[in-house]
Q: 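Okay, handing you the structure first.
To find a chain, count down the sequence lines: A is the first, B the second, and so on, and within it residues start at 1.
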Amino acid sequence: MFKTLLESGVTVAVTINGTPFAAPAGCTAAAAMLLVNALPTRTTPVTGAPRAPYCMMGVCFDCLAEIDGVPNQQACLITVADGMRIDHQSGKPTIKI
Amino acid sequence: MSTAFDFLIVGAGPAGLAAAATASALGIRTAVVDEQPAPGGQIYRGIESVAAKRPAHLVVLGPDYAAGLDLVKQFRAGKAEYLPDTSVWQIDGERNVFIRANGRTARIAAKQILIAAGAMERPVPIPGWTLPGVMTCGAAQTLLKSTGAVPDGRFVLAGSGPLLLLLAAQLVRVGIKPAAILETRPNYFPALRHLPGFLKSPSYLQKGISLLAELRNAGVAIKSAANLRIGGDDRVREIQYDWHGKTQREAVDLVLLHQGIVPNANLAWSLRCENQWDDLQRCFRPRLDEWGNTSVAGVQIAGDNGGIVGAQASAYSGQLAALGAACALGKISAAERDRLATPLRKRLNAHLRARPFLDALYRPAQETVAPREPETIVCRCEEISAGEIRRIVTEQQCPGPNQMKSFTRCGMGPCQGRLCGLTVVELIAESRGVPVSEVGYYRIRSPIRPVTVGELARLEG
Amino acid sequence: MSSYDSIVIGGGLVGSSVAYGLARRGLKVALLDEGDVAFRASRGNFGLVWVQSKGLGVPEYQNWSRQSSVLWDDFAQELRQETGVDTQHEHKGGIHVCITEKDFAERKKYMEQMHLEAGETRFEYEMLDQKALKSAVPEIGPEVAGASFTPYDGAANPLYLLRSLHATFLKRGGKYFPQSKVAAIKAMPHDFTVTAGGATFNAPKLVLAAGLGNKALGPLVGLNVPVDPVRGQIFVTERVKPVLSMLTIWVRQMAEGSIMIGESREDAGYNDVTTPEVQQEVAARAVTMFPFLKDVRIVRHWAALRVMSPDGLPIYEQSATCPGAFVATCHSGVTLAAAHALRYAGFVADGVLPAEVARFTNKRFDVQNAA
């Protein structure tokens, strides 16, 4: 759905839904998901409807994803880091007691 | 990090950066808090990185973007303290600013606060707009600016406003062409009476003409479209629209929507700043005096957060607010403040002369702000439709958005009404047959940005 | 001017419950409500149908609350059948958490006393010590000393209750007038003319259910309603999968998954803003009770003003100088909603407040003042 114009450049090793991806350094977790076309990036807690990032600036909350095991993170406000796990979020998150 | 400042600025966009430069040059202890990792706000997003690592994109993104570089450099060279990756989630009645960074919360005391939190895209509630693969034009620009990423596949831009043309041109310059620009009709006739003012203001007309020419030369189709509907299953698959009286259906991989921008003012509303309905811009804006003072003592607003004025006007607005703050803090006299303000106000007004024409030309249509199709989702978070909202008004005489929120949960999701608020008030106004100014807006409460229960419990300071 | 069998002033939980009850009895009712932005205690309610902490020293209040909680089961069904709105009523008992050993010891005494006072009505309860509590509620924090449990407690969704009451009121022919703050009342025995929102209404019965507004309205119909605001602050979190095993007084999980956390009691006048100190206290207590909450995100924090009488009990009274004028006020609008709809409305319709609610007349304040 999106592709990067940057031919070379520093990349950061992340996994998206378990699959490794060399994300451009400095990009957000949401951008990384769009670059590998991992749509939908979540399903809603209300009806399970498919969603993906919409605004890319932190106001729509549609980019909620599980980042390093923590759910309900706004992926468009999180910069990728080495080893980051970016995962699809299904409906309501489960709380670990 | 200090826990007290004289002047605390929320937002590192043009208004915030300009205010910081002016204030710190006058010797005021200033801090700028921003949730992004680098300065520039939305309009100058990623500018330092672009300038350092891919300067060719400065040309692609255009001179209005590149102009931000000086502002950012000036800010970096100045004495204002900069707190990036930091969100402001609350401001209390004593001008304590509550921030969150790295999973920790803290409180900063400020004598004077400037909210320069900028704008966001007006929501574009059309059937199918919640599908994956439907995004705002601003989102696409952000991806280009911050990541050098561009649409891959067949895509259209749809809506109205100068940003549509600008984005299309930026993409064309890097060899990416939209399948079409589907333009919902600008309002030529009502805009005409504002034309003289527009023509007298710096270069806006020339920019518009040259963008259109660039797009025409690149062979980008610009179609006058109506009744947009997006279709798909687990993602967008097609867009349907009426063109020349006939319904068209096109397969697409991505749809980029835009219907102008509006103030992102939840922080101001949480402080109960008095607001007023701007019927031309079709949004609520805070009541401000000429120095950006709100109805709340010690709190100012500058830039697009006070009503859309554009990037260059935002910078002047920020500087004027800083002068106002400097006087309020006793750093300069009123006479000195006025003297320094005079040339800035002149330049600001020159830019503001273009607004009435642009606002009238691109004033969103009634069906854009109050969707007709009942199944159109209005509240994305709680998945409440336009039909349900209209029904609650007619069947239960719901007078306003707060009662609507109580009855349907509309506006109770994490976005706190940012993407549904304007639509809800327009639907209620239309269903009741009254002006939006009579309907009012949601009561907005903190936290303006999410904090965890644990972070609240461990509040420092 | 329009004529009705009864006018109800106040469209919150109390007003709409009573109005619905009157319409249910076949009366033609006008329900007058303020605008979209007003104090509206109903929008700040935690939603408990709480019984175990009601009426220490005042068995009439315990009985009234208990009765309401029993009536609630059918009440919720009725509302759902008539309006399609699910008030999400649950009635499986609840616990009052005691953080420290001292709290636990005090609560034990409290519950023993409630049991004694109940006499034949019977007040069944259980004290859960730390071990028992952990067994019943595995997610409870390790520092929590214990809790008291009764089977009588329950909860509902206060906003859906309000919506449902409004809907069923309209369905039964009730007339609703929003943005109609009362401008004037001309009161005579069994003859009331109210001017509100630019219109005039007349009826032989009038019910004041305007929350804090009753204080100013009362004297217009010969009623003394000494109510004052007591602020409470509540948070609500993002939606999460079901995690709370039991209903508790300060933390509850709603049907859609979000968790409500409260509460505070503050003397802050008519100021319904939230405050950082209370935020921190309430959050800290919640984390002590349920450590898992520390990583759950708060979506909203609000404050509302409870309608509080000097002794915390409801005020039910019929005006002596203007019979036909009634007042109903309390700070437990959800708990008492069933009693208000299915019993109090009946008293108003019949024109007599029975001995059962005599304890709640405002004459008790005269005694207090005289003493």
Q: For B:R409, is it the side chain, the backbone, both, or neither that has a heavy atom closer than 4.5 Å to a heavy atom of chain A?
A: neither
Q: Indicate yes or no: at least one non-hydrogen side-chain atom of B:T136 is less than 4.5 angstrom from one of A:M57.
A: no
Q: Please report the interatomic distance CG(A:L77) to CZ(B:R449), rounded to the nearest 0.5 Å.
A: 5.5 Å
Q: Assess the residue pair B:E35 and A:Q74 against the criterion (side-chain contact (heavy atoms from CB on, under 4.5 Å)); give the C-alpha distance rounded to whole Å, side-chain angles, the decisive distance to 0.1 Å, and a yes or no.
A: CA-CA 12 Å; B:E35 64 186 359; A:Q74 286 179 279; over 6 Å; no
Q: Hey, are the side chains of A:L34 and B:M135 touching, using non-hydrogen atoms and a 4.5 Å cut-off?
A: yes
Q: Where does A:P40 contact chain B at under 4.5 Å (heavy atoms): side chain, backbone, both or neither?
A: both
Q: For the interface with chain B, which of A:P50, A:A31, A:A52 has the highest count of heavy-atom pairs at distances below 4.5 Å?
A: A:P50
Q: Could you tell me which of B:P450, B:S49, B:G153, B:P37 has the largest number of non-hydrogen atom pairs under 4.5 Å with chain A?
A: B:P450
Q: Taking C-beta and beyond as the side chain, do A:F2 and B:L254 meet within less than 4.5 Å on heavy atoms?
A: yes
Q: How long is the straight-line distance from NE2 of B:H57 back to CG of A:L5, given to the nearest 0.5 Å?
A: 5.0 Å
Q: By a 4.5 Å heavy-atom criterion (distance strictly below it), what part of B:T142 contacts chain A: side chain, backbone, both, or neither?
A: side chain
Q: Which atoms of A:L35 are under 4.5 Å from chain B, going by heavy atoms: the side chain, the backbone, both sets, or neither?
A: side chain
Q: B:N264 versus chain A, heavy atoms under 4.5 Å apart: side chain, backbone, both or neither?
A: side chain
Q: What are the two closest heavy atoms between A:F61 and B:C415, and how far apart are they?
A: CD1-CA, 3.5 Å
Q: Given a strict heavy-atom distance threshold of 4.5 Å, which part of A:T79 is in contact with chain B: side chain, backbone, both, or neither?
A: side chain
Q: Compare every heavy atom of B:D253 with every heavy atom of A:M1, then report the nearest pair and how far apart it is.
A: CG-O, 3.9 Å
Q: Which bit of A:L6 comes within less than 4.5 Å of chain B, counting heavy atoms only: side chain, backbone, both or neither?
A: both
Q: What's the shortest heavy-atom distance between A:K3 and B:P151, and which atoms?
A: CE-O, 4.2 Å
Q: Do you know which two heavy atoms are closest between B:V124 and A:Y54, and how far apart they sit?
A: N-OH, 3.9 Å
Q: Who wins among B:E383, B:R235, B:R418, B:Q36 for the most heavy-atom pairs under 4.5 Å with chain A?
A: B:E383
Q: Do the side chains of A:R51 and B:L131 get nearer than 4.5 Å, heavy atoms only?
A: no
Q: What part of B:R154 gets closer than 4.5 Å to chain A, counting heavy atoms only: side chain, backbone, both or neither?
A: neither
Q: Would you say that B:S146 contacts A:M56 through its side chain, given a criterion of any heavy-atom pair below 4.5 Å between the two side chains?
A: no
Q: Most heavy-atom pairs under 4.5 angstrom with chain B, which of A:N72, A:V59, A:D62?
A: A:V59
Q: Measure the spacing between SG of A:C60 and CZ of B:R380 and express it to the nearest 0.5 Å.
A: 6.0 Å
Q: Let me know if B:Q141 has heavy atoms under 4.5 Å from chain A in its side chain, its backbone, both or neither.
A: neither
Q: Kindly indicate whether the side chain of B:T147, heavy atoms from C-beta on, has any atom under 4.5 Å from the side chain of A:T28.
A: no
